[in-house]
Protein chains: 2
Amino acid sequence: MLYAGFMSTVPPPFPTPQEPVDHPELLQLGTGLEADEPCLRADAARNRARLLEAAARLVAERGAEGVTMEAVAAAACVGKGTVFRRFGDRTGLLTALLDHSEKKFQAAFLGGPPPLGPGAPPVERLRAFGIAMLRRSTDDLELQLAAEPGANRRYISPARRVLRHHIEVLLRQAVPEADCELLSHTLMGQLDPALVHHLTKQCGLPLSRLEDAWLDLVDRVAGAGRSR
Amino acid sequence: MLYAGFMSTVPPPFPTPQEPVDHPELLQLGTGLEADEPCLRADAARNRARLLEAAARLVAERGAEGVTMEAVAAAACVGKGTVFRRFGDRTGLLTALLDHSEKKFQAAFLGGPPPLGPGAPPVERLRAFGIAMLRRSTDDLELQLAAEPGANRRYISPARRVLRHHIEVLLRQAVPEADCELLSHTLMGQLDPALVHHLTKQCGLPLSRLEDAWLDLVDRVAGAGRSR
DNA sequence: GTCACAATCCGGACCGAGGTCCGTTTATTG
DNA sequence: CAATAAACGGACCTCGGTCCGGATTGTGAC
């Protein structure tokens, strides 16, 4: 028997069938990313805010590694259990910290101005999307790494689903004959924060090279004279 | 101050400079994967064997999740500290369990018969390589998932390096004008055990579709009429 | 307003597992 | 048979995660 009271904030347990959304561009903005405040008791909401603030402060002063669930609880003057009830687990807390930036990004590519948003041809949107993700990764890279779930759940995080699905939709327009679902996973791989971290921080490659590689990859996969 | 006595088996702590190997095809067969037995004291070697056997037994009867460091130690009639000294951490132990299969696979694509081994044209070797990896992933998928290191170290595991480097070498022959280092990461992404697990076990896709997608990807990236 | 009741939340004791330390034991070498 | 380097073992620490008795809050009735 699991808790039942705090699933609003927390990614649904999965495996949920959750067949692919069929109305491509119209999925609700924050798929599971928010739905926070609706029905939270006053004290719960207050504690939630306190916790996020405390966590952000800890990240700022001690880095993501210093964000211990106990430390956050203590810094927020709250019991440890409260942190887990609200955010499910450490990954959930860290994800919530990234939520704001995440939603801004989603808004940008789902409804913002072209070439990132609708209006530009799909391949161009793909190019812009990758560049934007790479740039976004360089900020709060540490947090994104720390927020990454274990191997079992890496591919079922709601945020990742949204990103990947967006790529898939664009791919369908650009290369309808391909297996766009799988292809989208491949493209996502190139934007994986862990890979970006490895290449830039551990191997010392300049970000521009990753950007070039993305553009090249899009070309190869969905580029001009494609027929298969 | 770290331990210094058991680094033979264990991936070097990193950050070690470790500049990229320059002699492409000639790297020693097991890059960091073995170098085990050479200078182990008799009792140490015996305990190592005991531990691996115990771990394998535990995997067999309780699944990878049941492989607790304490349980392994107990099953091998050995102290907990010994397990860590020998294998560094849980990932190291699990990796060691996969070592045999890993080396066999390396031998197959580095020196075995074509099209996997040398002798076939690079694109064909690439195709065969992916298919082989996908098939290999379906066996001991659970173990491979469990052995995956945390986000920080995912891209610096020696075994992964070897695989990726092999792809890179083949790519250089097939598409010399491309950024083969980065492209190889992309291709590796498609073969990531976690992805394979997600797609086959959680989404229910048949393995054959992954294989088709791999062939298609190789085509797109390094396929026939390429000029850029 | 206030009272009572149910739903929700809180807190911190508790557990298991990974990882570390260091005093002790054992293999090797000459 | 020393002497030395290496290995051993298990107590110990930290941290993520769980549990449940008790405290708070929202609500409807009066």
Side-chain angles (χ1 to χ4, degrees), chain A residues 1-10 13 36-51 54-55 58 62 64-95 146-150 152-153, chain B residues 1-10 13 36-51 54-55 58 62-95 146-150 153:
Chain A
M1 193 49 165
L2 271 179
Y3 288 90
F6 61 95
M7 281 313 178
S8 47
T9 287
V10 138
D36 299 339
E37 317 242 348
C39 37
L40 270 193
R41 234 170 66 169
D43 51 349
R46 183 202 50 182
N47 283 342
R48 188 183 135 87
R50 270 191 198 170
L51 283 168
L58 281 182
R62 295 191 219 168
E65 200 162 348
V67 182
T68 286
M69 297 305 259
E70 261 168 340
V72 173
C77 298
V78 140
K80 194 179 174 182
T82 302
V83 192
F84 283 95
R85 187 172 327 98
R86 198 55 53 207
F87 298 102
D89 57 12
R90 203 179 109 102
T91 291
L93 172 60
L94 265 7
T95 301
E148 186 167 300
N152 299 321
R153 319 214 162 128
Chain B
M1 193 51 164
L2 272 177
Y3 287 90
F6 61 93
M7 282 312 177
S8 48
T9 288
V10 135
D36 298 340
E37 317 242 350
C39 38
L40 271 193
R41 236 169 63 171
D43 52 350
R46 184 203 51 186
N47 283 341
R48 187 184 136 87
R50 270 193 198 168
L51 284 167
L58 281 182
R62 295 191 219 169
E65 201 162 347
V67 182
T68 286
M69 296 305 259
E70 260 168 340
V72 173
C77 299
V78 139
K80 195 179 176 183
T82 302
V83 192
F84 284 95
R85 188 174 324 98
R86 196 56 53 209
F87 298 101
D89 56 13
R90 202 179 110 103
T91 291
L93 172 60
L94 265 7
T95 301
E148 185 167 299
R153 320 215 161 126

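Order of the sequence lines sets the chain letters (A, B, ...), proteins ahead of strands, with each chain counted from 1.
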Checklist line | Whole-Å distance separating the CZ atom of B:R90 from the P atom of C:dA17 | finding: 10 Å

Note to self: Please give me the minimum heavy-atom distance between A:L94 and A:A147, naming the atom from each residue.
What the structure shows: CB-CB, 3.6 Å

Next item on the list: Any chance you could measure B:L58, atom CG, to B:L51, atom CG, to the nearest 0.5 Å?
Entry: 10.5 Å

Next item on the list: For the side chain of A:A44, starting at C-beta, report the closest nucleotide among C:dC9, C:dG18, D:dG17.
Entry: C:dC9

Check: Rounded to the nearest 0.5 Å, what separation is found between the CG atom of B:D43 and the CZ atom of B:R48?
Finding: 14.0 Å

Notebook entry, point to check: Out of C:dT26, D:dG16, D:dG9, which nucleotide sits closest to the side chain of B:T82?
Noted result: D:dG9

Next item on the list: Please report, rounded to the nearest Å, how far the P atom of C:dC10 is from the CE atom of A:M69.
Entry: 14 Å

Note to self: On a heavy-atom basis, which atom in B:M69 and which in B:L93 lie closest, and how many Å separate them?
What the structure shows: SD-CD2, 3.9 Å

Item checked: Distance in angstrom units between B:F87 CZ and D:dC8 P, rounded -> 11 Å

Check: Is B:N47 close to B:R86 at the side-chain level, that is, under 4.5 Å between some pair of heavy atoms?
Finding: no

Checklist line | B:R46, CZ atom: more than 12 neighbouring heavy atoms under 6.0 Å | finding: yes

Next item on the list: Rounded off to whole Å, could you give me the CG-to-P distance for the B:D43 and D:dA5 pair?
Entry: 17 Å

Notebook entry, point to check: Could you state the NZ-P distance from A:K80 to D:dT14, rounded to the nearest angstrom?
Noted result: 12 Å

Notebook entry, point to check: Within this structure, what is the CZ-to-C1' distance between A:F84 and C:dG11, rounded to whole angstrom?
Noted result: 13 Å

Checklist line | Rounded distance (Å) that lies between atom C1' of C:dG18 and atom CD of A:E65 | finding: 14 Å

Item checked: 5'-most by nearest nucleotide on DNA chain C - B:E70 or B:R46 -> B:E70

Notebook entry, point to check: Within this structure, what is the CG-to-C1' distance between A:L94 and D:dG16, rounded to whole angstrom?
Noted result: 13 Å

Next item on the list: State, to the nearest 10°, the angle formed by the axis through the first five base pairs of the helix from C:dG1-D:dC30 to C:dG30-D:dC1 and the axis through its last five.
Entry: 10°

Check: Of A:C77 and B:A42, whose nearest nucleotide on DNA chain C comes first from the 5' end?
Finding: A:C77

Note to self: OP1 or OP2 of D:dC8 versus the side-chain N and O atoms of B:N47: is any pair under 4.0 Å?
What the structure shows: yes

Check: Nearest to the side chain of B:D89, which nucleotide is it out of C:dG19, C:dA13, C:dG18?
Finding: C:dG19

Notebook entry, point to check: For A:A76 and A:R50, which heavy atoms make the closest approach, and how far apart are they?
Noted result: O-CD, 3.4 Å

Next item on the list: Look at the side chain of A:R85 against the base of D:dG17 and say whether a donor-acceptor pair falls under 3.5 Å; ignore hydrogens and angles.
Entry: no

Next item on the list: Give a yes or no on whether a donor-acceptor pair under 3.5 Å exists between the nucleobase atoms of C:dT28, that is its base, and the side chain of B:R41.
Entry: no

